[in-house]
Structures are given as C-alpha cells and as structure tokens.
Amino acid sequence: MAAVNVLYNVGARDESPDKTGFAHLFEHLMFGGSANVPDFDDPIQMAGGENNAFTNNDITNYYDILPAQNLETALWLESDRMLSLNFDERVLEVQRKVVVEEFKETCLNEPYGDVWHHIADMAYKVHPYRWPTIGKVPKHVEDATLQDVKDFFYKYYRPNNAILVVAGNVEEKEVRRLTEKWFADIPAGQTPLRNLPQEPPQKALQQRINQARVPSDALYLAFHTPARNHPDFYATDLLSDILGNGSSSRLFRRLLKEQQLFSQIDCYITGSLDPGLFIIEGKPSAGITLEEGEAVIWKELEMLLAAPIPERELQKIKNKVESNLVFSELNVLNKAINLAFFELLGDADIINREIDLYRQVTSDDLWRVAKEVFTHENCSELYYKTELPVKEVLT
C-alpha cells in the first residue's frame, strides 16, 4: 500500500473575523470536482483506494491510501484539484448547504455542541483561535460568494503553500518522477504572509454559565499552554496524560473510580501551532454540583503542584506514550500525515526523535510547567447547565 498526503498551510486562523468557516468549507469544495476530474471518489475507488480530509485551526490536510502500483492515480487527482477547482455556482451552493447543515447538526442540535464556541471566545480575545474551525455562525458560509471562494483558493491552495508526502511500498526515484510529471507545471502563487495578533497573557479568571437542553451538567476548565514548537510542549502533553489518560490517570482513578464524584472526566491539549489550551472536562455524578466538582479538580491540581511527580509514575506514562508512537508509525497513513506535519514545524526528522524528546522530560520539568499553567488567572471556566423543561419550571 501507499499513502499520498497533501498538507496545505492554511486553517481557521487564516480567516477574517467576518468570513469564518472558509477553511472547513474548502475541505468540502476540494471534493466537488476539478478541471479534469468531475468526481474524486470514483477514480480512487476504481484504483482500490480511499480518500478523505480534515481541517483544524492550523492546517487543511488531504490524504489518499491505495495499492502502491496505483500511486499515479492519487498523484493525478491531487495535482488536478491543486491546479484548478471546478468553480461552479451549483457546486458551491451544494457544499454551502452541506457545511451549514453540519453546523446545525453538530453545534446547534447536538448536546454540548457549542462548547468550543464558548471556550474559544473566553480564552482568546485577539488571536483567530477565538472561533472554532467550523466557524462563528452559519451565515458566514451562507454568504460566501464565488469570488470569495476563488480568492481564498488562489491565495492558499498553491504548490508553494503545500507539503506533499508519499509513504509506503514505493521507490524514491519513481515517486520523484511522478511528482515532477503531475505537479511541476502548476504555477506557484504569492507566498501568503501570516501576521497574526499575539494573544496577551490572561490576567484574570474567565467564567461563563450556559444553559441548554443537555442530559447532565458539565464542567470545562481551559488553561493557556505553550505553542507546538515550544520546548515545554512535551512536558505539557505528559501532564495531560498523567491527569487524564486512561483508567490509572489521577483524575480518572481518584475522582471517578474511588470517590465516584464524576461520571465522566477527561483532559487533553489542543497541540496547536500557536499557543493553545489544556482542557479538563467532566460531568459530575448525580447529587454533585458543578461547584463541588470544580473544587475537587482544583484540589487535585494543588496536589500536583505540591510535589514533583514520582519517578515511577512518570516512567509509566512515558512508556505508554512510546508504545503509542511506535504502533502509530506502523500505519503508513499515520506516517505520511506525521511527516507532513513535522515538515510544517520545520523539521521532518522530528518523527525519528520524538520519542527521545518525551524521554528527556524530567519530573522537575513537569512541576515547573504545571506551576506556570495551573493558575486561576490562566483559567477559563465554563459551567454547562441542564435547562429544566418548561413544565418542571412551572411546578
């Protein structure tokens, strides 16, 4: 098998505040046909493969996986949509409707679907991370014109703003030949200049209460963390594992299993290219208020700050991270996606050194980073409360 991955250096952070959701819209538009390919699914499926894409705040990523002998089919498809999309009003209208329906389904009608709208709005005041990838409101995508779409495409979806990775059972010489054949004639665009506003340090606790028809109350704590290329990224990632990765993690073991104060609890980092967030989220058990749930989480964080992580606990988490990294690289598609992302970070060889970067993190590193991250003034707090049905309110 072979994987073809094309990473475009454009995400939701590159949008205008009055035209959000464009990067996500383009994820859909890029499957709407191009100069010589009316439909992307049929050729890749006839070649025994499959394709898909994802968008986040930082990147838009397209990938194909298929038998290695049919590699040229994937390169032809990717080059054709990079060369020229099918800029058709009917295609735009279809994809606009798809994206707006996705917004309604996942953000407006799904329980807790608008959580990220609240968290991002509290945590970021000037940086474009202040809106989620799907956009602020559906109207921005509904109002997108064909000229808006063309301008966005020719600014960002150019070969000089893309990273191509081919991985799998392939020969380098042949890959270079096919890449030259299909991509060399595509004209480069002007290199986009990214001059994003830097988010100032948060100086005070941000708090918000939201009520909606959801199954149970939920609590969210968001802390600012270093950027993905920052040396402290690996310590921050390990802290999220120590607190919330698996049944033996601190929050899960103590607050859910032993004390049964939560029915669900988790934590993770966004890992974004610019300074991101460390999220702790949980649903208190019946009879436990959000205030009580938050108090016990802060108690756990205070215990974390009181003394360095024991070496045995740290080594256990490092072993888990290492095994996950090793097994993920057995998948040719994961390898292609990771290579493209590390190349975007500035050094594709990080894929070979990442395990060592985690191994080098010390208990003192974790303690130092935890003291910088887990402060009240660095926190945005969301209480997501159940809205009582009208008849219950009346009685």
Side-chain angles (χ1 to χ4, degrees), residues 4-32 34-35 53-63 77-87 92 95-96 99 120 124-136 140-141 143-165 179 182-199 227-230 270-276 336-348 350:
V4 173
N5 192 87
V6 180
L7 182 154
Y8 290 95
N9 186 10
V10 56
R13 64 175 179 165
D14 297 298
E15 299 163 349
S16 300
D18 59 342
K19 293 181 179 180
T20 64
F22 268 54
H24 177 243
L25 173 63
F26 256 87
E27 178 192 324
H28 290 261
L29 283 173
M30 293 283 271
F31 290 95
S34 57
F54 62 86
T55 312
N56 59 33
N57 282 328
D58 301 312
I59 65 171
T60 306
N61 196 86
Y62 299 87
Y63 58 85
L77 289 170
E78 294 297 346
S79 69
D80 204 60
R81 63 176 160 191
M82 183 185 288
L83 173 67
S84 177
L85 279 188
N86 178 16
F87 291 114
L92 175 58
Q95 297 306 328
R96 263 199 303 242
V99 171
Y124 295 100
K125 302 306 179 186
V126 299
H127 193 283
Y129 286 169
R130 65 184 184 273
W131 58 81
T133 304
I134 202 166
K136 282 183 181 180
H140 289 176
V141 169
D143 291 346
T145 68
L146 199 58
Q147 190 59 51
D148 290 334
V149 167
K150 288 183 178 180
D151 292 344
F152 200 77
F153 176 79
Y154 286 112
K155 182 175 182 179
Y156 293 110
Y157 295 82
R158 300 289 81 205
N160 53 305
N161 201 46
I163 296 169
L164 170 67
V165 175
T179 302
W182 289 108
F183 289 90
D185 293 337
I186 301 176
Q190 291 185 346
T191 301
L193 297 177
R194 183 179 282 121
N195 186 24
L196 303 180
Q198 185 174 351
E199 187 68 28
R228 180 61 177 81
N229 254 340
H230 194 282
T270 57
S272 49
L273 293 182
D274 293 331
I337 292 173
N338 289 338
L339 277 167
F341 183 70
F342 288 131
E343 177 65 17
L344 180 66
L345 290 180
D347 184 4
I350 294 175

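No hydrogens, no waters, no symmetry mates; every other heavy atom, side chains included, goes into these values. For this chain, numbers begin at 1 and follow the sequence in order.
Applying the ring-ring contact (aromatic ring centres under 6.0 Å, His included) rule to Y154 yields the partners F87; only residues at least two apart in sequence or on another chain are considered. Listed by chain and number, the residues in a salt bridge (charged side-chain N to carboxylate O under 4.0 Å, His left out) with E15 amount to none (sequence neighbours excluded). Under the salt bridge (charged side-chain N to carboxylate O under 4.0 Å, His left out) criterion, D148 pairs with K19, not counting sequence neighbours. Residues satisfying the side-chain contact (heavy atoms from CB on, under 4.5 Å) criterion with D347, sequence neighbours excluded, are D349, I350, R353. D151 meets the side-chain hydrogen bond (donor to acceptor under 3.5 Å, both in side chains) test with Q147; sequence neighbours excluded. In this view, R130 satisfies the salt bridge (charged side-chain N to carboxylate O under 4.0 Å, His left out) rule with no residue, not counting sequence neighbours. Residues satisfying the side-chain contact (heavy atoms from CB on, under 4.5 Å) criterion with N160, sequence neighbours excluded, are R158, A188, T191. Every residue two or more places apart in sequence or in another chain that forms a ring-ring contact (aromatic ring centres under 6.0 Å, His included) with Y156 is listed here: F152. Evaluation of the side-chain contact (heavy atoms from CB on, under 4.5 Å) rule for K155 yields no partner, not counting sequence neighbours. Under the rule for a ring-ring contact (aromatic ring centres under 6.0 Å, His included), H140 has no partner lying at least two apart in sequence or in another chain. Among residues two or more places apart in sequence or in another chain, the ring-ring contact (aromatic ring centres under 6.0 Å, His included) test is passed with F183 by none. In this view, E27 and H24, A53, T55, Y62 satisfy the side-chain contact (heavy atoms from CB on, under 4.5 Å) rule, not counting sequence neighbours.
In this structure, D14 contributes its side chain and R194 its backbone to no donor-acceptor pair below 3.5 Å. For the pair N161 (side chain) and N9 (backbone), a donor-acceptor distance under 3.5 Å is present. A donor-acceptor contact shorter than 3.5 Å links the side chain of Y129 to the backbone of D274. A donor-acceptor pair under 3.5 Å is absent between the side-chain atoms of Q95 and the main chain of L29, judged by distance alone. Within the 3.5 Å criterion, the main-chain N or O of A144 finds a donor-acceptor partner in the side chain of R96. Distance alone, capped at 3.5 Å, places no donor-acceptor pair between the W182 side chain and the E78 backbone.
Taking CG from L345 and CG from N229, the interatomic distance works out to 4.5 Å, rounded to the nearest 0.5 Å. Here the straight-line distance linking atom CH2 of W131 with atom OG1 of T20 works out to 7.0 Å at 0.5 Å rounding. For the atom pair CG (N86) and CG (L92), the distance works out to 11.0 Å, reported to the nearest 0.5 Å. The line from CZ of R228 to OG1 of T270 is 11.0 Å long, rounded to the nearest 0.5 Å. Within the model, atoms CZ of R13 and OH of Y124 stand 11.5 Å from one another, a figure rounded to the nearest 0.5 Å. Distance CG/N5 to CD/E343: 12.5 Å, rounded to 0.5 Å.
Taking each heavy atom of T60 and A23 in turn, the nearest pair found is OG1-CB, 4.2 Å. Nearest approach of P132 to A12, heavy atoms of both residues: O-CB, 4.5 Å.
Each of Y63, F54, Y157, F26 was compared with Y8 under the ring pair (Phe, Tyr, Trp, His ring centres under 6.0 Å) criterion, and only Y157 meets it.
L344 is listed as a side-chain neighbour of L273, based on a closest heavy-atom distance under 4.5 Å. For the pair P128/P197, a side-chain contact is recorded, criterion being any heavy-atom separation below 4.5 Å from C-beta on.
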Q: Could you please spell out the steps behind the side chain to side chain contact (heavy atoms under 4.5 Å, CB included) verdict for S34 and L83?
A: CA-CA 8 Å; S34 57; L83 173 67; over 6 Å; no

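A cation-pi arrangement is absent between R81 and F153 under the rule of less than 6.0 angstrom and at most 45 degrees off the ring axis.
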